[in-house]
Amino acid sequence: MEKRVKRFDDETIQRLFGHEAAENEDPARLRQYYFKSPVYDRITARLPLRVLVGHKGIGKSALFTVARQEDHDNGTISLLIRPDDVLEIATNDRDFLQRIRAWKEGLLRIVFQKALASVGLDPKPLTKSMGMAAQFTNFVKDILRPTIEKAMDLGAAENAAVNACLSKNEINVYLDDLDRGWKGDINGIERLSTLLNALRDLSNDYKGLRFKVALRSDVYFLVRTADESTDKIEGSVVWHTWTNFEILAMLVKRIQSFFGREVSEKDLMAMNQRDLALPLEYIMESEFRGKGKWDRCPTYRILMSLIRKRPRDLVKLCTLAAQAACNAGNNRIMTEDFNSVFEQYSQGRLQDTTNEYRSELPQVERLLLNMKPTRRELREGQAAVYSTDELLKKIKNIQEQWIFKFTRGRTANAKDLAQFMYKINFLTARRDLESGEVLRKYFEENKYLSSAFADFGFHWEVHPAYRWALQPDDPRKVAEAISLSCDE
C-alpha cells in the first residue's frame, strides 16, 4: 500500500484532514474518520435530555452529524432543529413562565411537522386540523402511524421501512447552533434559559421524545450563572473536552483511513504516544528541526502544544502547513512548511476568538492585543507567563487606558477580565514540571462554574496559539520561547 501523498493539492488536503465544518463534510468520509471519544456514548445514551457543552471548534456539530446518521441506520426517527426553525419562538414574551410555555408549544409543533416530513408526508394540512399539544402524547404510536396508513398507499418494501422506523416509538431531536448570533445580553440569556427549562419539561412529559442540544461553553456559563433554575438540568450536561492524546489519535485515524486502513478507537487509545504517532511520518517530518526547546523534538509534540485542545485547531494548522508544502513542491510537510504558517495560524485563532466573544465583551480585541509582552518582559525572558499578582497588575495597566464593559452593562474589573480570558482559553493555567515540560490546564477541565477569578497556585500563560499574533516582529524567537506541553 502506498503510504505517501503524491501532492498536497486542495482535494487531497481535505480528504486527508477533513473539512473544518462537519456539516460541509461528505457524510461517508466523515463516518470513515470520525473518532468516537467517551463523550459520544454519553450524548447518544437513551436518556430524555442531553446538553452538549463545548468551545467552538471542539466537534459538537460533527458529533451530532454522525449520531444522526447512526439513528437513520438504526431506524430511529432523527430530527435536526436549527436557529431559523425557532426564530419566532419566545421572542416577545416578557414573563418567564410564558416564555417556557411558548417554547413548549413551538417545539412540539416543529417536532410534529418534521417527523411527518421525515416519512414523506406534507405536514401543512395535517397540523392545521390537529390539536398539537393535546394529541402529541405517544404520537409516534397513536398519531403518526395511523396518519401514514391513511395518507399513503404503501408498497410492501415501503411499509416494512416505515414499520421499522416507527417500531421503537422513539424520536431523537437535535438542536444545534442555537447560539448563532449570540449577543450575551439579558434577553438572549433568558431566551436560552427558558428553552432549557422547556426541553426538560417536554422530555419528561413525552416518553420516547429525547432532546440533544449543543451550546458553546461561554454561552452555557452565562446562562447557568444568571439563572438558578438551570441547576435542574445540570445532571444532563456533558462537557465536550479532549485530551491531547485523543486529538492525536483522531489525527492518526484520519491519516490511516485516507490510506485505506481501518483502525478502532480502542486500539488507538491502547497504544503509547510514540507508537501512536508513527503514521504521521507518512505525511510529515517526524522531528522538528528548529532551535531552542523545539530542536529535534517529535513534530507531534509541537502540534499538541500549539492547539487549544480543539480538533479544528489541529485541522487548520495541518491544512495550512500542507498548503505551504504544496507551494514548495514537497510531498511531506517539512519543518519550514510549519514555520511559514505559524504566524497565519496564530492570527486566525486571534481573529476567531475576537469574532466569537465580542458579543459578550465588545472590546475583546483591544484587551487581547494589549496583552502583548512589553519590552521589559521580553528582555527579562518572562513574556506571556505571569503569577496571579503579575497578571492582575498587567491588566490594571491596560485599564488605565481603556474601560471594558460587558454587553450586560457591567464595567469589568481586573479579576473579571482575567477570568474572562481564562474562560475563553486565551489564558491557561500553567505549572512548570521538573522535566522541563509544562502542565497546562484549561477552564473547562476544572469542571466548576465559578464567577470569581481564583488563585490555585498555578501561573497564568497566554496560550501559545496566540503568541505570533502578539509578537509579529520576530516569529522565530516566539517558537524558541514556547515550552512543550507534557505528554498525556
Side-chain angles (χ1 to χ4, degrees), residues 21-23 39 43 49-64 80-87 89-91 96 99-100 103 107 173-200 211-242 308-310 312 352-362 364 405-410 412 416-417 419-426 442-451:
E23 56 269 28
V39 171
I43 289 298
L49 178 62
R50 300 274 86 184
V51 181
L52 180 62
V53 177
H55 283 289
K56 190 174 182 178
I58 206 77
K60 301 185 296 296
S61 292
L63 190 156
F64 276 12
L80 176 62
I81 294 178
R82 293 191 174 98
D84 53 326
D85 294 319
V86 297
L87 192 61
I89 300 178
T91 55
F96 192 83
R99 277 195 164 190
I100 294 177
W103 272 120
L107 286 170
V173 183
Y174 296 83
L175 297 93
D176 193 19
D177 212 17
L178 294 185
D179 41 38
R180 186 191 303 169
W182 171 255
K183 295 182 179 180
D185 56 10
I186 301 254
N187 182 64
I189 290 172
E190 186 168 290
R191 190 162 187 260
L192 276 181
S193 176
T194 51
L195 166 64
L196 293 175
N197 276 276
L199 293 177
R200 184 174 64 88
F211 291 98
K212 304 174 191 297
V213 57
L215 292 174
R216 291 202 322 252
S217 54
D218 62 302
V219 173
Y220 175 71
F221 176 83
L222 283 180
V223 173
R224 177 68 182 87
T225 53
D227 176 17
E228 62 181 17
S229 71
T230 53
D231 66 338
K232 295 179 180 179
I233 60 98
E234 193 168 1
S236 301
V237 172
V238 178
W239 285 80
H240 198 349
T241 60
W242 295 81
R308 301 165 297 172
K309 294 194 175 180
R310 306 186 195 188
R312 188 179 295 173
D352 285 348
T353 301
T354 298
N355 294 342
E356 187 174 350
Y357 295 103
R358 63 158 52 104
S359 59
E360 184 177 350
L361 182 69
V364 59
K405 286 188 176 182
F406 292 110
T407 302
R408 289 178 289 170
R410 184 169 60 86
D416 291 333
L417 295 177
Q419 191 256 1
F420 173 77
M421 288 189 287
Y422 180 44
K423 183 181 68 174
I424 69 175
N425 287 168
F426 181 81
Y442 293 72
F443 173 82
E444 57 269 22
E445 293 175 329
N446 291 317
K447 293 294 188 295
Y448 73 93
L449 288 173
S450 169
S451 59

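W239 approaches S217 most closely through the heavy-atom pair CZ3-CB, 3.9 Å. Of all heavy-atom pairs spanning D231 and R224, the tightest one is CB-NH2, 3.5 Å. Of all the heavy atoms in V86 and L107, the pair that sits closest is CG1-CD2, 4.3 Å. Here the shortest heavy-atom pairing between G54 and K60 reads O-NZ, 3.1 Å. What you find for I424 and R310 is that their closest heavy atoms are O-NH2, 3.7 Å. Taking each heavy atom of L417 and L361 in turn, the nearest pair found is CD2-CD2, 4.1 Å.
With rounding to the nearest 0.5 Å, the separation of NE2 in H55 from CG in D352 is 13.0 Å. Rounded to the nearest 0.5 angstrom, T241 OG1 and I58 CD1 are separated by 7.0 Å. L52 CG to K212 NZ: the interatomic distance, rounded to the nearest 0.5 Å, is 10.5 Å. Distance check: L215 CG to H240 NE2 gives 13.5 Å after rounding to the nearest 0.5 Å. We find the CD-OH distance between E234 and Y220 to be 5.0 Å, quoted to the nearest 0.5 Å.
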Checking side chain to side chain contact (heavy atoms under 4.5 Å, CB included) for the pair E190/R99: CA distance, chi angles, key distance, verdict?
CA-CA 9 Å; E190 186 168 290; R99 277 195 164 190; 3.7 Å; yes
Chi angles and distances behind the side chain to side chain contact (heavy atoms under 4.5 Å, CB included) call for R358, T353
CA-CA 8 Å; R358 63 158 52 104; T353 301; over 6 Å; no
With side chain to side chain contact (heavy atoms under 4.5 Å, CB included) as the test, would you mind laying out the steps for I43 and L63 before giving the verdict?
CA-CA 9 Å; I43 289 298; L63 190 156; 3.6 Å; yes
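Evaluation of the side chain to side chain contact (heavy atoms under 4.5 Å, CB included) rule for R82 yields L80, D84, D85 as partners, not counting sequence neighbours. Considering only residues two or more places apart in sequence or on other chains, D177 meets the side chain to side chain contact (heavy atoms under 4.5 Å, CB included) condition with P83, D179, R180. By the side chain to side chain contact (heavy atoms under 4.5 Å, CB included) test, R200 pairs with L49, N197, N204, K232, I233, sequence neighbours left out. For F64, the ring pair (Phe, Tyr, Trp, His ring centres under 6.0 Å) partners two or more places apart in sequence, or in a different chain, are Y174. Annotation: ring pair (Phe, Tyr, Trp, His ring centres under 6.0 Å) contacts of F211 (sequence neighbours excluded): none. By the side chain to side chain donor-acceptor pair (under 3.5 Å) test, S61 pairs with D176, sequence neighbours left out.
The residues K423 and E360 are annotated as salt-bridged, a charged nitrogen and a carboxylate oxygen being separated by less than 4.0 angstrom.
The closest donor-acceptor contact from the side chain of S193 to the backbone of I189 lies at 3.5 Å or more, if one exists at all. Under a 3.5 Å cut-off, the side chain of K56 and the backbone N or O of R216 do not form any donor-acceptor pair. Side-chain atoms of W103 do not come within 3.5 Å of backbone N or O of L196 as any donor-acceptor pair. Distance alone, capped at 3.5 Å, places no donor-acceptor pair between the S236 side chain and the V51 backbone.
Between F420 and F406, some side-chain heavy-atom pair lies under the 4.5 Å cut-off. Looking at R50 and V213, their side chains never come closer than 4.5 Å, going by heavy atoms from C-beta outward. Contact of the F443 side chain with the F221 side chain is registered, since non-hydrogen atoms from C-beta on lie closer than 4.5 Å.
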